[in-house]
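This chain uses plain numbering: 1 for the first residue, then up along the sequence. The model shown is predicted, which means the values in this text are computed figures rather than measured ones.
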Amino acid sequence: MQAVDVLLPSSASRLSLALTDFNRLRWTVAALRLNPGLAQRLAAHAGGAVTVLDSTGLQPGGGPPPPRACIVLWDGLNSLAELQQAQPALRARDDLLYLPVGCFADLSDGFPAGSEPLFPARAGVPEALGVPRWIDALGALRAWARPFKNARSAPAAHARLRAGGCLVFCGLVRPSAAVLDGFFRGAGLGPLRQTLQPLAGLDWTADVARTQALVASGLDAVSAARPASMLDHAALYSVVNVLHRIATLSRVQALGAPLLVNEYGVHPFFDPYDARAYHRNLFIDFGSTRGSDLIYPRTLDLLLQRKAAQNLRFLPAGAGTRLGDWLKAMDGAGFLALCQSHAEQLLQALPAALPHGGRR
């Protein structure tokens with residue numbers, strides 16, 4: 001994608017955004033607006049003009065980033081590991097600034113010095129930036145057009161959300177074997193990966209008792225693991241995040257709630273998050289599989305489209321809680337109780353989130 005220049009009104013600094021697709025471009029622009037002072041800090045890092053790239057565009061086969069570039073890591077530490085594997089010379093470069101999406105306290109020493117999350121801990125008042133008008137215009141046009149695309153790709157789901165009254169989640173739930181392998185790439189937890197194989201392709205909608213038992217045993221296996229590297233910690237977080245999704249959605253279904261789940265890798269692609277529609281529903285936000293950030297791309301789209309959402313995090317975000325400490329205090333039964341509590345929280349929040357009428 002061609003680089004886009006963003007000007008900082010309070011200085012002569014310029015950011016050149018060279019992201020790999022339009023969604024990543026608009027998410028980065030929104031992050032710069034919502035994260036107070038981030039744009040100025042990036043400009044200061046580069047001495048007035050900075051190139052912002054993402055790791056996806058640098059591998060495979062990409063050339064080295066220019067001096068003092070800022071690199072967005074959309075999958076947190078995993079993106080950094082993949083990039084450094086593709087370009088080993090980057091390990092020795094101390095001029096680069098990394099902007100991870102997906103962090104938690106155990107990974108604080110896993111990123112190079114000076115790294116800073118792309119998104120803020122909480123959304124603040126948007127800052128003014130000299131952004132080309134076409135970015136916001138194209139984003140608004142795509143949001144308006146999205147429901148029409150959804151109606152063609154997933155007509156039944158589109159009709160249900162137009163009617164309103166649903167709890168909604170779209171994304172990864174049951175992991176495939178390839179997804180599990182991806183979680184453990186670079187980690188030294190091979191025995192745990194094999195223990196978790198029954199989760200691959202698990203139909204969590206079919207048998208609640210079996211699903212809950214597999215989740216409990218999976219959590220106990222994770223708690224018993226002994227991580228020895230940052231990538232080990234990252235793998236454990238990803239697994240627990242998916243277990244949280246499976247167990248909570250399974251309980252929501254068992255409680256008889258109006259639930260619409262569109263699963264990554266299972267159902268046809270359907271994205272209600274950035275659509276200018278479907279406001280009479282409550283969206284479930286389990287956070288990223290890479291970290292406990294309260295704001296990341298899915299959350300951002302919900303904020304931009306002013307949709308009601310319930311943020312559920314198994315690991316408290318922003319409180320410095322370490323995953324290792326949390327796992328020592330948690331067992332399978334306690335985890336199922338947490339997921340049950342979150343399921344009940346969703347049902348209690350649903351009526352208040354649904355206005356009588358309004359935009360659909």
Just wondering, do [Y] and [X] contact through their side chains at under 4.5 Å, heavy atoms?
{"X": "Thr299", "Y": "Tyr273", "value": "no"}
{"X": "Arg93", "Y": "Pro64", "value": "yes"}
{"X": "Val261", "Y": "Thr205", "value": "no"}
{"X": "Leu323", "Y": "Pro227", "value": "no"}
{"X": "Val239", "Y": "Pro175", "value": "no"}
{"X": "Phe119", "Y": "Leu34", "value": "no"}

Sort out for me which residue in Gln345, Gln212, Arg251 forms a side-chain hydrogen bond (donor to acceptor under 3.5 Å, both in side chains) with Gln340.
Arg251
Side-chain heavy atoms under 4.5 angstrom apart, residues restricted to Ile, Leu, Val, Met, Phe, Trp, Tyr: same cluster for [X] and [Y]?
{"X": "Leu138", "Y": "Leu32", "value": "yes"}
{"X": "Phe269", "Y": "Val168", "value": "no"}
{"X": "Val179", "Y": "Leu77", "value": "yes"}
{"X": "Leu199", "Y": "Val266", "value": "no"}
{"X": "Val215", "Y": "Leu338", "value": "yes"}

Apply the test salt bridge (charged side-chain N to carboxylate O under 4.0 Å, His left out) to residues Asp301 and Arg26: give CA-CA distance (whole Å), side-chain angles for both, the deciding distance (0.1 Å), then the verdict.
CA-CA 10 Å; Asp301 282 343; Arg26 68 180 181 85; 2.8 Å; yes
Which atom pair, heavy atoms only, marks the closest approach of [X] to [Y]?
{"X": "Gly76", "Y": "Pro100", "value": "CA-CB, 4.4 Å"}
{"X": "Met230", "Y": "Asp106", "value": "SD-O, 3.2 Å"}
{"X": "Asp95", "Y": "Pro67", "value": "OD2-CA, 3.3 Å"}
{"X": "Leu83", "Y": "Ser55", "value": "CD2-CB, 4.0 Å"}
{"X": "Pro297", "Y": "Val101", "value": "CD-CG1, 3.9 Å"}
{"X": "Ala39", "Y": "Leu129", "value": "CB-CD2, 4.1 Å"}

Could you walk me through whether Leu19 and Trp27 pass the side-chain contact (heavy atoms from CB on, under 4.5 Å) test, one step at a time?
CA-CA 10 Å; Leu19 287 307; Trp27 289 332; over 6 Å; no
Donor-acceptor pair, [X] side chain versus [Y] backbone, under 3.5 Å?
{"X": "Asn311", "Y": "Asp285", "value": "no"}
{"X": "Asn35", "Y": "Leu38", "value": "no"}
{"X": "Tyr237", "Y": "Gly291", "value": "yes"}
{"X": "His158", "Y": "Phe148", "value": "no"}
{"X": "Arg276", "Y": "Ala145", "value": "no"}
{"X": "Arg68", "Y": "Leu97", "value": "no"}
{"X": "Ser341", "Y": "Ala337", "value": "no"}
{"X": "Arg193", "Y": "Gly188", "value": "no"}
{"X": "Glu263", "Y": "Arg174", "value": "yes"}
{"X": "Asp220", "Y": "Ser217", "value": "no"}

Ring geometry between His244 and Phe314 (parallel below 30°, tilted from 30 to 60°, perpendicular above 60°)
perpendicular
Check step by step if side-chain contact (heavy atoms from CB on, under 4.5 Å) holds for Asp271 and Lys149.
CA-CA 9 Å; Asp271 184 1; Lys149 291 185 176 182; over 6 Å; no
Stepwise side-chain contact (heavy atoms from CB on, under 4.5 Å) check, Phe111 with Leu73
CA-CA 10 Å; Phe111 296 101; Leu73 304 171; 4.0 Å; yes
Give the C-alpha distance, both sets of side-chain angles, the deciding distance and a yes or no for side-chain contact (heavy atoms from CB on, under 4.5 Å) between Phe270 and Leu161.
CA-CA 11 Å; Phe270 177 79; Leu161 294 196; 3.7 Å; yes
Can you tell me if [X] and [Y] form a side-chain donor-acceptor pair at under 3.5 Å?
{"X": "Asn241", "Y": "Ser238", "answer": "no"}
{"X": "Arg91", "Y": "Gln87", "answer": "no"}
{"X": "Asn150", "Y": "Tyr278", "answer": "yes"}

For Gln85, I'd like to know if atom CD has over 12 heavy atoms of other residues, nucleotides or ligands within 6.0 Å.
no
May I have the step-by-step check of salt bridge (charged side-chain N to carboxylate O under 4.0 Å, His left out) for Asp293 and Arg313, ending in yes or no?
CA-CA 9 Å; Asp293 317 43; Arg313 302 289 187 273; over 6 Å; no
Assess the residue pair Asp274 and Arg142 against the criterion (salt bridge (charged side-chain N to carboxylate O under 4.0 Å, His left out)); give the C-alpha distance rounded to whole Å, side-chain angles, the decisive distance to 0.1 Å, and a yes or no.
CA-CA 8 Å; Asp274 73 339; Arg142 287 162 61 103; 5.5 Å; no
